Trainee: 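Provided herewith is a single structure, encoded as structure tokens, for subsequent inquiry.
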Amino acid sequence: MDNAGVWAQFSQQEETSYFDGVALLPLAERYGTPLYVYSAAHILAQYHAYHEHGREASVALHYAVKANSNLSILQLLARAGAGFDIVSGGELARVLEAGGDPKQIVFSGVAKSDAELRAALRAGIGCFNAESRFELERIAAISEEEGVVAPIAIRVNPDVDPQTHPYISTGLKENKFGVSMDDALALYQYAAGHPALRVLGMSGHIGSQITTLQPFLDALDNMLDLAATLEEAGITLTHIDMGGGLGIVTPEQTQIPQPSDLSAALLDRLSATPYALHLEPGRSLVGNAGYLLSSVVGVKDQSGHHFIMLDAGMNDYIRPALYQVRPAFRNLSHNQGVERRSEMVGPVCETGDTFARAYPMSAQAGDVLAMAGVGAYGMAMSGDYNSRPKAAEVLIEDGAARLIRRRQDVAELWAQEIDYLS
Ligand code: LLP
């Protein structure tokens, strides 16, 4: 099992669609739709693939929790030995709850609050990826209050174009992320001279859904130049963290380097240096491990358009509305009709609630459709807009399916609200 195609793990046996050995239609019947379904085997295979680079040096992986933060998935990866890349106090609490090793946690993010910094210091995390002078000053001040020394890396902005969607491009000069290469030396000198800070590394996440290795290598080259300047200034790093960003196969993009290609290319470039390689993959571990099952509520023909209306909406999966991605669909109900150019839409009261336009599909009310490639930034970015309860999630492992998040109950939609009349 690899990243070879968005439907790679699907198989058709006896007229039924299977995902990783488990028939999908019965899952939709049992747990209802919309339903996210993940494969543990795929996630673990992708995780291990990062280590299968054939080089002597090793790579330390910190899974980017934001991609899919379900506790069971964090537990699965923690058990496999993964560390975690977090961006909030909420993610810190999740990782600790899942039994993740605090020493293998790195804390990224442009605007960490004092409370979040303090919680991470108390948990004894492995490294803060600091993104500004004000953050370094806050980490130092809080560390002094807590009587500890904070391990830090500085996230630099390597100024390379990752050639991806502008919303998920982070390593360009004009982006809000990291510290510019020109300012980095002064910040490292500040950190190296501060008794409450211990300089460990440099981080440089440049974007997401990156489909070639070159931007990573260009970023690494720029970062190694800076590391050499730091050496001259007497500041020695132990690791270089290239962030996440490796893309996954999509219907539009079928040629993607494998995780082992990325590890190998970066390790080769680092082999003449003393620096250990750290990575923070998110999407490449979970993206193609997840499918979203939804039921067709009805079809309607109007003004020359054929609409297939699903019970999953932009509240369940917002990426098509936000980044104009077009997911791949498959009708699991073996509809025998003729494919039509269809508008694949959800039930939310917005025209933006459109998953795909002019999509070749035959479907009728009651059919169950699978949407591929939604394991990353799917459930994690979902909401309850239009008071639509959040979907359920199922994890397939060793040929069995297990509920890992029950469907939200409608009463939970207003559970935090305070009754005006009381
Ligand atoms: N490390 C840092 C510091 C990050 O900001 C991110 C993602 C990652 C690692 C993981 O990147 P990945 O391996 O997943 O590409 N919601 C967007 C993606 C936003 C990515 C944000 N940062 C989407 O749905 O495409």
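First listed ligand is number 1; within each ligand, the first listed atom is number 1. Note that the structure is a prediction, hence the values are computed from the model and not measured.
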Trainee: Is the shortest N/O to N/O distance between Gly207 and ligand 1 below 3.5 Å?
Mentor: no

Trainee: One residue to check: Tyr323. Relative to ligand 1, which of side chain, backbone, both or neither has a non-hydrogen atom less than 4.0 Å away?
Mentor: side chain

Trainee: Check ligand 1 against Gly282 and write out every atom of the ligand that is under 4.0 Å from a heavy-atom position of the residue.
Mentor: 12 (P), 13 (O), 14 (O)

Trainee: Quick one: does Gly245 get a heavy atom under 4.0 Å from ligand 1?
Mentor: yes

Trainee: Given side chains that start at C-beta, do those of Val345 and Phe355 come closer than 4.5 Å, heavy atoms only?
Mentor: no

Trainee: Counting each atom of ligand 1 from 1 as listed, which ones have a heavy atom of Ala64 under 4.0 Å away?
Mentor: 8 (C), 9 (C), 10 (C)

Trainee: For Arg283, counting its heavy atoms only, list the atoms of ligand 1 lying under 4.0 Å from any of them.
Mentor: 12 (P), 13 (O), 14 (O), 18 (C), 23 (C), 25 (O)

Trainee: Check whether Thr229 reaches the backbone of Asp225 with its side chain - one donor and one acceptor, N or O, closer than 3.5 Å.
Mentor: yes

Trainee: Would you mind telling me if ligand 1 is within reach of the side chain of His205, the backbone, both or neither, using heavy atoms under 4.0 Å?
Mentor: side chain

Trainee: Can a side-chain donor-acceptor contact be found between Asp85 and Ser108 if the only test is distance below 3.5 angstrom?
Mentor: yes

Trainee: Between Pro281 and ligand 1, does any nitrogen or oxygen pair lie at a separation below 3.5 Å?
Mentor: no

Trainee: Could you check, using the six-membered ring where one of them is a Trp, whether Tyr38 and His42 have ring centers closer than 6.0 angstrom?
Mentor: no

Trainee: Quick one: is the NZ or CZ of Arg341 closer than 6.0 Å to the six-membered ring centre of Tyr359, and within 45° of its axis?
Mentor: no

Trainee: Indicate whether any N or O donor in one side chain lies under 3.5 Å from an N or O acceptor in the other, for Arg155 and Asn129.
Mentor: no

Trainee: For Phe107, does the six-membered ring have the charged nitrogen or CZ of Lys112 within the cation-pi criterion, i.e. under 6.0 angstrom from the centroid and within 45° of the normal?
Mentor: yes

Trainee: Determine whether the side chain, the backbone, both or neither of Asp85 has a heavy atom under 4.0 Å from any heavy atom of ligand 1.
Mentor: side chain

Trainee: Counting both backbone and side chain atoms, is some N or O of Ser284 under 3.5 Å from an N or O of ligand 1?
Mentor: no

Trainee: Using a 4.0 Å cutoff against the non-hydrogen atoms of Met381, which atoms of ligand 1 qualify?
Mentor: 16 (N), 24 (O)

Trainee: Less than 3.5 Å between some nitrogen or oxygen of Lys66 and one of ligand 1, yes or no?
Mentor: yes

Trainee: Using a strict cut-off of 4.0 Å, indicate which atoms of ligand 1 neighbour a heavy atom of Ser108.
Mentor: 3 (C)

Trainee: Would you say Arg155 has any N or O atom under 3.5 Å from an N or O of ligand 1, going by distance alone?
Mentor: no

Trainee: So for atom CD, which belongs to Glu252, do other residues, nucleotides or ligands contribute more than 12 heavy atoms lying within a distance under 6.0 Å?
Mentor: yes

Trainee: Let me see the working for Arg133 and Tyr190 under side-chain contact (heavy atoms from CB on, under 4.5 Å), right down to the final yes or no.
Mentor: CA-CA 9 Å; Arg133 177 177 279 272; Tyr190 166 79; 3.8 Å; yes

Trainee: Taking all heavy atoms of Asn335 and all of Asn331, pick out the closest pair and write down the distance.
Mentor: CB-ND2, 3.3 Å

Trainee: Just to be sure I read this right, does ligand 1 sit under 4.0 Å from the backbone of Arg319, its side chain, both, or neither, counting only heavy atoms?
Mentor: side chain

